[in-house]
2 protein chains.
Amino acid sequence: MKTPERTETPEKTTPVGTRERIVRATSRLLQRQGYEGTGIKQISREAEATLGSVYHFFPGGKQELAAEAIRHGDEEFAVLLRAGLGSSADIGEAVVTCTGMLARELRASDWQDGCPISSTALETVGRAPAIEQAVAAAFANWRAIVTEHLVAAGIGAEDARELAGTVVSTLEGAELAAQIARSEEPLLVTGKHLARLLATYR
Amino acid sequence: MKTPERTETPEKTTPVGTRERIVRATSRLLQRQGYEGTGIKQISREAEATLGSVYHFFPGGKQELAAEAIRHGDEEFAVLLRAGLGSSADIGEAVVTCTGMLARELRASDWQDGCPISSTALETVGRAPAIEQAVAAAFANWRAIVTEHLVAAGIGAEDARELAGTVVSTLEGAELAAQIARSEEPLLVTGKHLARLLATYR
DNA sequence: GTCTATAACGAGATAGAC
DNA sequence: GTCTATCTCGTTATAGAC
């Protein structure tokens, strides 16, 4: 028995280990406050872990922890992307669904929860190799997911590759614009334009 | 005589006052390091001004100074936008010119000098009203500039307004992607796609 | 694996002489 | 307007008991 037995509501919340609590808290804080704006003490507080535990699991300190949190955000956004893009056989409609989902989540968080990694990505350009690598991997992952769906929709491989980059970039930019304007409009309009662009292929 | 007479090379560099040196230094540092990553002491050092001078001109402290620096970055990017968009009668070509200019500057700075305000914008969402306002004004300014050129190119007013938002957002996203990938490709490809999108209007 | 204490340093901001 | 000294607080990181 490695975990304390909790007979009531065992399926509600799977007990999550300290390490994962730290990673999740870090991911959320980086999303909202960026890398420099987030302190390790705040992370340990929010994760309900002690400072000693944080350095126990991440001896590399803040950078190592941030890189792991970026990978967490990577997968989080990938899940949303796959859900949205798989929602319709029409790829244009699917992209519009994506922007709608992003807009809904953004409004629900009072425009706080944008892209989980963009702020940290911008802050660490050319200054934190471990983080930069995780960021680059995330973008590559998202592009690959979009490429796959574009190819499945009948777009040629090379066109699909290029378009996927534009789709991901444009979602990033639109999410930033929506946060700044505190409005869903930039995301929704951009979804419409992306669908229109995709419709010109084939 | 308000300024010391310098008879030699008077046109080379117009002597710039302390206040402006501080604003310029802040703008550049915010662009590269973001808001939380930039210290006032570093600013005063880089601007060759004393800490006392910084607080003399900006009694509101870091927030007031950052807001002013955002306005500086606003105008800086607006100049580039106007130059690029005015470079051709064909609006698609003009947008491609813009992305080419951005790509060139980005590479020249070793992928450091992206959008002058996006990092600070992301970091301060919902946490620094004076900065948020300056950021929102900058985006509105850039959208207005693009809208004007789209209308001049014969696109209907409402379409132009929506497209301008997408153009600005997409440039933002593509610049981020280019910095991360350390490659001009995201910007150049995005320029091509934007031109293609614009060509479907009329 | 968890906890507390603390070292070493830098941040934003202020005071007051000049 | 400029300069220096300083206050107070928070930061990352480490040490070592439990």
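Looking at every heavy atom in both residues, A:Leu29 comes nearest to A:Thr38 through O-OG1, 3.4 Å. Counting all heavy atoms, side chain and backbone alike, B:Ala121 lies closest to A:Ile180 at CB-CD1, 4.0 Å.
With C:dA13, C:dC3, D:dT14 as the choices, the nucleotide that has an atom nearest any side-chain atom of A:Thr50 turns out to be C:dC3.
Within a heavy-atom distance below 4.0 Å of DNA chain C, the residues of residues 54-71 of chain B found are B:Tyr55, B:Gly61, B:Lys62. Contact check of residues 18-49 of chain B against DNA chain D (heavy atom, cut-off under 4.0 Å) returns B:Thr18.
Between B:Leu85 and B:Cys98, some side-chain heavy-atom pair lies under the 4.5 Å cut-off. For the pair A:Arg24 and A:Val16, the minimum side-chain heavy-atom distance is below 4.5 Å.
Both the sub-6.0 Å distance and the 45° axial angle are not jointly satisfied by B:Arg127 relative to the ring of B:Tyr35.
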**Residues A:Glu123, B:Ser119; criterion side-chain hydrogen bond (donor to acceptor under 3.5 Å, both in side chains); working and verdict** = CA-CA 7 Å; A:Glu123 284 175 282; B:Ser119 185; 5.4 Å; no
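Aromatic ring orientation, A:Trp142 versus A:Phe77: tilted (interplanar angle from 30° to 60°).
If you run side-chain contact (heavy atoms from CB on, under 4.5 Å) between A:Lys62 and each of A:Ile131, A:Ile43, A:Ile40, only A:Ile40 comes through.
Applying the 4.0 Å criterion to OP1 and OP2 of D:dT2, one finds that B:Ser53 has a side-chain N or O inside that range.
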